[in-house]
2 protein chains.
Amino acid sequence: MLQNANFHHGKEATNVAFIDREPHCLLGLFKKLPIERLAAGQSLFFEGDPAKGVFEVVEGSLRIFKIISDGRRVITGFLHAGDIIGVSLKDRYLYSAEAITDIRIRRISRKSFDAEVANSPELRPEVFARLCDEMAAAQDQVVLLSRKNAEERVCTFLLKELLRVLCDGRGDLVIELPMTRLDIADYLGLTIETVSRTMTKLNKKAIVVPAGRHSIRILKRSGLAQLAGNDDENGGSRMEMAPHLKSLRH
Amino acid sequence: MLQNANFHHGKEATNVAFIDREPHCLLGLFKKLPIERLAAGQSLFFEGDPAKGVFEVVEGSLRIFKIISDGRRVITGFLHAGDIIGVSLKDRYLYSAEAITDIRIRRISRKSFDAEVANSPELRPEVFARLCDEMAAAQDQVVLLSRKNAEERVCTFLLKELLRVLCDGRGDLVIELPMTRLDIADYLGLTIETVSRTMTKLNKKAIVVPAGRHSIRILKRSGLAQLAGNDDENGGSRMEMAPHLKSLRH
DNA sequence: CGTAAGTTTGACACGGATCAAGTTATGTGG
DNA sequence: CCACATAACTTGATCCGTGTCAAACTTACG
């Protein structure tokens, strides 16, 4: 996990002046390290493996997932360029990581990473902030899986992907979705059929238009946001809710 | 969140020697602080409020939850004695916290907390460890909500509660469940009716026996574990899974 | 006791899963 | 570059688990 919130990833790869002295940010830790490559479908590590490395995604996308008893797969997140994998771990990886596309990554040993962070009062807040963002994302996912129906789930997902690429600069409303329908289904707690049907429905509503198998054009961002059913726009739970009235929800 | 993993909470309240010098653990930070009380049903803070405090639960239980647009409530966790609330936050609370029972808590300002942690190389690993445990718990919840059916959810919940109280010492297999059925339902992504029916079913299977409204006796812990469908017992996802075979899952 | 909140139980409905074809991309070897 | 093979995706028919609605029951408490 550890999606980067607002980084223009790789942009600061140009000014490499200070990095050997003291990195200003987490990504700086990786600058000097060699690039490794992984082909689409290859595994970076497995759930339960000793967490020996921390990784920066330089290019491409990964899925992180758990497999439960009977073989069911739960994708807990997608990772893209600029993200860092493996911070929120103690000794073992909590999940497996697999390349969706061909990827380029940099690797730092957990020992070095921990040492660098421990020694740098500048880095610690960034680690903490990333952990908090990751936590917030996990909770959003809990809300999605607890209470949202198929349409809300798909719209939430598309909106999130849209916001991610908008941060990357271009204002174009075409999102790349490198992952398969099965990946999306396993991420949203649905089946591929339901994801597919929901996409078709959104298309008929003229909210999105498919643009090839792995990208999609957003026609009505507002419509997406509305159907996503996020609580972001309303006042949240700020208003007092008298305990004896709670049962009114049902 | 931030359930304590294995603390015998309150036990070390007896040796108060060092705490004003340098606390050995996070809970030590709270030792000197006055106890505050909150009656059952009262709110500790609301989602979106400035995160001004960090709290130790001294006695009693709380629920933490989010309310989404149309009033639906998602409980993201329960807190009990020894737990700490408010670590994984930046400036605003991500959720509301409400007392389930009458509770006793201690409060420290976020400023003091951050300062103490920043100054103590002893405390930082503990904060980090608690964040990681919290993250792992959130991911378990994602797995539960993604792919588990009602029976698996309820069994997972009961098993977790069982393990929690077993850590507290006594080997008795009666668990206290201070929360209501509605709380459990909102935590497991179900309705009260489904929770109730599932409990009845587990009773008929002679796995549990109700012992008053707010406690339950576990007859077959192994049966619970089996029905919970955790991946803990199998080899996890260690075995290589050839990419072209993945679709066999469906 | 009597009232209300919490819980259980039953009947029924419906959203999404499952099962089954059919269709469209993606690649691969001739 | 085309023909073919295969994986990925879409669409349709049906089923089932859980939600919804309603009512009875139990517990807590004034």
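We name chains A, B, ... by the order of the sequence lines, and we start the count at 1 in each one.
Between A:N203 atom CG and D:dT11 atom C1' there is a gap of 14 Å when expressed in whole angstrom units. Nucleotide C:dG16 holds its P atom 8 Å from the CZ atom of A:R153, rounded to whole Å. In this structure, CG of B:L188 is placed 12 Å from P of D:dT18, rounded to the nearest angstrom. Distance, A:R72 CZ to C:dA17 C1': 13 Å, rounded to whole Å. Atom CD1 in B:I192 sits about 12 Å away from atom C1' in D:dA22, given to the nearest Å. In this structure, B:L182 atom CG and C:dT7 atom P are separated by 8 Å, rounded to whole Å. Computed from coordinates, the B:M179 CE to C:dT7 C1' distance equals 16 Å when rounded to whole Å. Taking atom NE2 of A:H214 as the reference point, atom P of C:dT26 lies 7 Å away to the nearest angstrom.
Ring geometry for B:Y93 versus B:F45: interplanar angle under 30°, hence parallel rather than tilted (30 to 60°).
A donor and an acceptor atom sit less than 3.5 Å apart, one in the side chain of B:R197 and one in the base of C:dG10.
When distances are taken from the side chain of B:S196 to each of D:dA13, C:dT7, D:dA8, the shortest belongs to C:dT7. Picking from C:dG16, C:dA20, C:dT24 the nucleotide with the shortest atom distance to the side chain of A:E193 gives C:dA20. Among the nucleotides D:dT18, D:dT20, C:dC19, the one closest to any side-chain atom of B:T191 is D:dT20. Comparing C:dT7, D:dG19, C:dG16 against the side chain of B:L190 picks out D:dG19 as the nearest. Minimum atom distance to the side chain of A:T194 is reached by C:dA17, of the listed C:dA17, C:dT7, D:dC9.
Residue B:P210 is the one, among B:P210 and A:K201, whose nearest nucleotide of DNA chain C lies closer to the 5' end (criterion: closest heavy atom). Heavy-atom distances to DNA chain C give each of A:V195 and A:G212 a nearest nucleotide, and the one nearer the 5′ end belongs to A:V195.
Contact check, B:T200 against C:dT9: a side-chain N or O comes under 4.0 Å of OP1 or OP2.
Put simply, the residue from B:L38, B:V57, B:I35 that forms a side-chain contact (heavy atoms from CB on, under 4.5 Å) with B:R104 is B:I35.
Inter-residue side-chain proximity for B:L158 and B:L177 is flagged as met; some heavy-atom pair is nearer than 4.5 Å.
Between the side chain of B:T200 and the backbone N or O of B:S196, at least one donor-acceptor pair lies under 3.5 Å.
For the residue pair A:S88 and A:E134, a side-chain donor N or O sits within less than 3.5 Å of a side-chain acceptor on the partner.
Looking at heavy-atom distances under 4.0 Å, B:R181 makes contact with sugar-phosphate atoms alone, never a base.
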